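Take a look at the structure below.
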Amino acid sequence: MTAPYATDPANPRGRLYAEEESTFRSPFQRDRDRIIHASAFRRLKHKTQVFIEHEGDYFRTRLTHSIEVAQVARTIAATLGLNVELTEAVALAHDLGHTPFGHTGEEALDALMQPYGGFDHNAQALRIVTDLERHYAEWDGLNLTWETLEGIAKHNGPVVGDIPYALAAYNARHDLELHTHASAEAQVAALSDDIAYNNHDLHDGLRAELFSTDDLAALPILRDCFARVDAKYPGLNYYRRRHEALRRFFGVLVEDVIAVSRRNLADLNPTTVHDIRHAGRMVIQFSPDLWTDLKVIRQFLFDRMYRAPAVVEMRVVVTKMVNELFPFFMDNPDELPKQWRKDVADAQGRTALARIVADYIAGMTDRFAIQEHKRLIGGETIPPGVIDGN
């Protein structure tokens, strides 16, 4: 860490509950380690990224995706002279609030929760690390630093307008300055998410045979990547050829973010992290030309992968599952596990109960949601298929 605008681990803004810091780990290293050891982090291994987790050993899950995001984020942060541990902590935590069944599960739960304040996976991630992880004797949650919580809450930019209840409730206790941008470290985590899923969804779509290598070779950016591979390795077999091309695609995205962000930082000339937060814009960015090309690739993934016929069919199946589990638990809260009973007993009104039920369903893995639906409501276990999510 060399940049004057990097977040200084020797001078963090503290934790909600004061505690003695470690003698051999920085505050952000402790945050990262607490996230890795969290129950919610472990459950990501059985949560959908694009393919339902039981569909194949090679497809990404939320856990492997988070690890890939953290890898990209560490590289970019180190190159830009930022705090690598804070960047990694935000990257590892960014998907903790996702429901089972990817964005399809989130859309179903959000629709069900509209009378009770809606559902947002970013706000739910903050709720998990500040409340729902209950392992410590002195507090609920992980008691992370202000900087890590800020990064989780607003790595995609300032939160304005209607603030999700899960985020508003915590912010009232511990002001995360939602109206400003986050640190450069959190912005790196956000762009690393884009880089990781654009790259690995192309990998997984090829493996699932939703599109062909030739389809990819016709897309912007990838067209040049395949051309460079063919020029260097003529006659390379198809599997190695596409891997080499996608490896270069991955590098193009990372190098573009680094180059553009360096120019942005040079133009802004920030001297503190405060300057980053009040810059009025994201400083970690793709170039306009690359972003235009990425939008073409994202549309390709949407049409050929996220809305493939098998995906659309599976969306209907899992939406029905969430739509049936939610009212079942609302009408039968005694079916919630024992550790949730006190929350139910303390709940004041229908909204409070709905938010407990949403917390429980959102925390389910794909396999557990399927099992519980079959046990409590009935019906056959869903067949192998694909489900949208990124």
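Worth saying up front: this structure is predicted, and the values here are computed from it rather than measured.
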Output field: ring centroids Phe41/His37 closer than 6.0 Å: no

Heavy-atom side-chain proximity of Arg173 to Thr130 below 4.5 angstrom: no

Side-chain heavy-atom pair Phe211, Phe300 within 4.5 angstrom cut-off: yes

Test side chain to side chain donor-acceptor pair (under 3.5 Å) applied to Asp303 - qualifying residues, sequence neighbours left out: Gln299

Non-hydrogen side-chain atoms of Pro12 and Phe28 separated by less than 4.5 Å: yes

Within 6.0 angstrom of Arg25 CZ, more than 12 heavy atoms from elsewhere: yes

Full working for side chain to side chain donor-acceptor pair (under 3.5 Å) between Tyr170 and Asp131: CA-CA 9 Å; Tyr170 184 79; Asp131 182 14; over 6 Å; no

Asp215 bridged to Arg304 by N-O distance under 4.0 Å: yes

Centroid-centroid distance, His278 to His181, less than 6.0 Å: no

CA sep, side-chain torsions, deciding dist, call: Arg32, Glu85, salt bridge (charged side-chain N to carboxylate O under 4.0 Å, His left out): CA-CA 7 Å; Arg32 177 200 61 198; Glu85 287 80 14; 5.1 Å; no

Shared hydrophobic cluster, Leu219 / Tyr238 (ILVMFWY, side-chain heavy atoms < 4.5 Å): no

Contact check, side chains of Arg34 and Tyr136, non-hydrogen atoms, under 4.5 Å: yes

Side chain to side chain contact (heavy atoms under 4.5 Å, CB included) involving Ala347 - partner list, sequence neighbours excluded: Ala352, Ile356

Heavy-atom check, side chain of Leu44 versus side chain of Thr61, under 4.5 Å: no

Shortest non-hydrogen contact between Met113 and Phe119, atoms and distance: CB-N, 4.2 Å

Listed partners of Asn122 passing side chain to side chain donor-acceptor pair (under 3.5 Å), at least two apart: none

Short N-O contact, Arg350 and Asp331, less than 4.0 angstrom: yes

Salt-bridge present (Asp343, Arg134; N to O < 4.0 Å): yes

Under 3.5 Å: donor-acceptor pair, side chain of Arg15, backbone of Pro27: yes

Trace of the salt bridge (charged side-chain N to carboxylate O under 4.0 Å, His left out) decision for Arg30 with Glu19: CA-CA 12 Å; Arg30 292 186 83 190; Glu19 59 176 293; 3.5 Å; yes

Contacts under 3.5 angstrom, residues 151-167 side chains, donor-acceptor by atom type, not counting sequence neighbours:
| unit_1 | atom_1 | unit_2 | atom_2 | d |
| --- | --- | --- | --- | --- |
| Lys154 | NZ | Glu150 | OE2 | 3.3 |
| Lys154 | NZ | Leu176 | O | 3.1 |
| Lys154 | NZ | Glu177 | O | 2.4 |
| Lys154 | NZ | Thr180 | O | 3.4 |
| Lys154 | NZ | Thr180 | OG1 | 2.7 |
| His155 | ND1 | Gly151 | O | 2.9 |
| His155 | ND1 | Ile152 | O | 3.1 |

Side-chain heavy-atom pair Arg262, Leu265 within 4.5 angstrom cut-off: no

From CA spacing to verdict: salt bridge (charged side-chain N to carboxylate O under 4.0 Å, His left out), Asp224, Arg228: CA-CA 6 Å; Asp224 292 338; Arg228 292 201 301 273; 5.4 Å; no

Listed partners of Ala91 passing side chain to side chain contact (heavy atoms under 4.5 Å, CB included), at least two apart: Val69, Ala70, Ala73, Ala189

Between CG on residue Leu290 and CD on residue Glu255, distance to nearest 0.5 Å: 11.0 Å

Members besides Leu236 in its Ile/Leu/Val/Met/Phe/Trp/Tyr cluster (side-chain heavy atoms under 4.5 Å): Val229, Tyr233

Any Val72 side-chain heavy atom under 4.5 Å of Phe250 side chain: yes

Side-chain heavy atoms of Leu86 within contact of Pro9, under 4.5 Å: no

Stepwise salt bridge (charged side-chain N to carboxylate O under 4.0 Å, His left out) test for Arg248 and Glu244: CA-CA 6 Å; Arg248 284 160 174 76; Glu244 285 290 333; 2.5 Å; yes

Ring center gap for His98 and His65 short of 6.0 angstrom: no

Residue pair Val188, Val90: steps toward the side-chain contact (heavy atoms from CB on, under 4.5 Å) verdict: CA-CA 9 Å; Val188 166; Val90 176; over 6 Å; no

